[in-house]
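The structure under discussion appears below in the form of structure tokens.
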Number of protein chains: 2
Amino acid sequence: MEKDKIDKKEHILDVAEKVFADLGYDGASTRTISGEAGVNMAMLNYYFGSKEGLFLAVFERKINSFRTLLQNINSDGSMNAWDKLNKCIDNYVERIIANNCFQKLINREVSMNKRGDLTDKIIEILMVNVYEVKRIMEEGVNSGLFHTDADIALVIATLFGTKNYIVNMPQLSSLILGHDIRDEKFMENELKPRVKTYMKRLLKAYLVKEHDNSK
Amino acid sequence: MEKDKIDKKEHILDVAEKVFADLGYDGASTRTISGEAGVNMAMLNYYFGSKEGLFLAVFERKINSFRTLLQNINSDGSMNAWDKLNKCIDNYVERIIANNCFQKLINREVSMNKRGDLTDKIIEILMVNVYEVKRIMEEGVNSGLFHTDADIALVIATLFGTKNYIVNMPQLSSLILGHDIRDEKFMENELKPRVKTYMKRLLKAYLVKEHDNSK
DNA sequence: CAAAATTAATCAAACGATTGATTAAGTGTA
DNA sequence: TACACTTAATCAATCGTTTGATTAATTTTG
């Protein structure tokens, strides 16, 4: 049936996304993926042509869901730069820290030196998000809300880098935080609000010109 | 001769470090490493027991040099917590941003979920360094220099995460910064001092209780 | 000191296991 | 029948590792 066919492909992509994220491109064998998905190994090649084709299918499926996230925030004229940045932080913590296995996948493949064609595609898509955040901060500087000598480029590195650190190194950040961050309950009730509060305070202390420094 | 023997092992470690960094643990085959190093394949097992042993040898060689550095800073009684943190930042920027291929290697392997024994060892060694930084910041809080409600765990995530972001995603951070960060000259003359200044201002604004907020 | 015995270092070859991919023989549906 | 789907079996290639033999260096022995 047509619907089952689509569901099966989607299921394979779901599993492949997780296995690729856990084991990396080289570490994830086609047998592991097909086994985990409960399908015959040859199905991967039948549907996606090759292992690389499967990887690209996993990647491209995610593209659209990430693209519109920030653009909605940025086009809202009723908020100033700081409020927009706050909303960015909230959205990133909520959506990306929670569903992290794809982010790990991306970061790992980008950090490789020798996979050119694939890396370029990923970079291009990541830059869309980066550029939206950059626009917000430039707006903050131009409107006089943020310090003019603020290093916007490095603030971006901090914003995404802090998030990546927590997401990409869960064992390490679990030790630092004193809890297993893969515990759904802890992440939802404690980690998420904690990261939101922290990021806002950190960026506010550095970026915003006049703010209450007592608390 | 004794000296040649040591030099050969060091040479293998040098080559292995680069190959691992470029291709990842799974991507780097023992044949590639031994071929690149100009030694027989069996020498890797002879010297290091296994591929994993070689990887750990590469890893520990790098991490030990930085551990002693951190401990020296930490045990220096003539500096307060903020000065120590400044020295940490300087050293991190100087030593880790410069020699970055190893950092990429580490982050890529740690972000994998399913390689228990190897990952655990890496985590264990990394935690030693993290703990030293944590000690410094706790000292800052206890001495009344830092805000008591500062989220130390997440500051660590920011410190290491910002650095990792720049190092691990050079294509992306190059676009953000407007220069190719792999350009040795730009990195030495502009990026390094810029990151140092930024990290100090960022952490000072967030951590230190009373500071000149005008500049 | 010199011959013998021991150890360390190095090599080509091959090991069994696993990789991604393909084949040919089916299955069920329309 | 014709078609999309699914399977087990199999492919050559590559993986990390081990082997047995050979050479170089060191130590022991007479």
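Lettering follows sequence order; numbering is per chain, from 1.
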| Short N-O contact, B:Arg135 and B:Glu139, less than 4.0 angstrom | no
| query | How many Å lie between CG on B:Leu44 and P on D:dT18, as a whole number? | reply | 12 Å
| said: Measure CG/A:Leu23 against P/C:dT18 and give the value in whole Å, please. | reply: 15 Å
| query | Is the phosphate of C:dA21, meaning OP1 or OP2, less than 4.0 Å from a side-chain N or O of A:Tyr46? | reply | no
| Distance in angstrom units between A:Phe55 CZ and C:dT19 P, rounded | 18 Å
| Atom CG of A:Asn40 to atom P of C:dT22: distance rounded to whole Å? | 14 Å
| field | With sequence neighbours excluded, residues passing side chain to side chain donor-acceptor pair (under 3.5 Å) with A:Asp14 | value | A:Arg61
| Atom-pair distance (CE on B:Met43; P on D:dT23), nearest Å | 17 Å
| note | Residue set satisfying side chain to side chain donor-acceptor pair (under 3.5 Å) with B:Gln171, at least two apart, ordered chain then number -> none
| task | Only counting residues at least two apart or in another chain, list the ones meeting ring-ring contact (aromatic ring centres under 6.0 Å, His included) with A:Phe48. | result | none
| said: Using whole Å, what does the distance between atom C1' of nucleotide C:dA8 and atom OH of B:Tyr47 come to? | reply: 9 Å
| task | Using side chain to side chain donor-acceptor pair (under 3.5 Å) as the criterion, list what pairs up with B:Asn74, not counting sequence neighbours. | result | B:Glu132
| field | Residue pairs fulfilling salt bridge (charged side-chain N to carboxylate O under 4.0 Å, His left out) with at least one residue in residues 155-181 of chain B, sequence neighbours excluded | value | B:Asp180-B:Arg182
Between the protein and nucleotides 10-17 of chain D, which nitrogen or oxygen pairs are less than 3.5 angstrom apart?
unit_1, atom_1, unit_2, atom_2, d
D:dG16, OP1, B:Ala28, O, 3.4
D:dG16, OP1, B:Lys51, NZ, 2.5
D:dG16, OP2, B:Thr30, N, 2.8
D:dG16, OP2, B:Thr30, OG1, 3.2
D:dG16, N7, B:Arg31, NH1, 2.8
D:dG16, O6, B:Arg31, NH2, 2.7
D:dT17, OP2, B:Lys51, N, 2.7

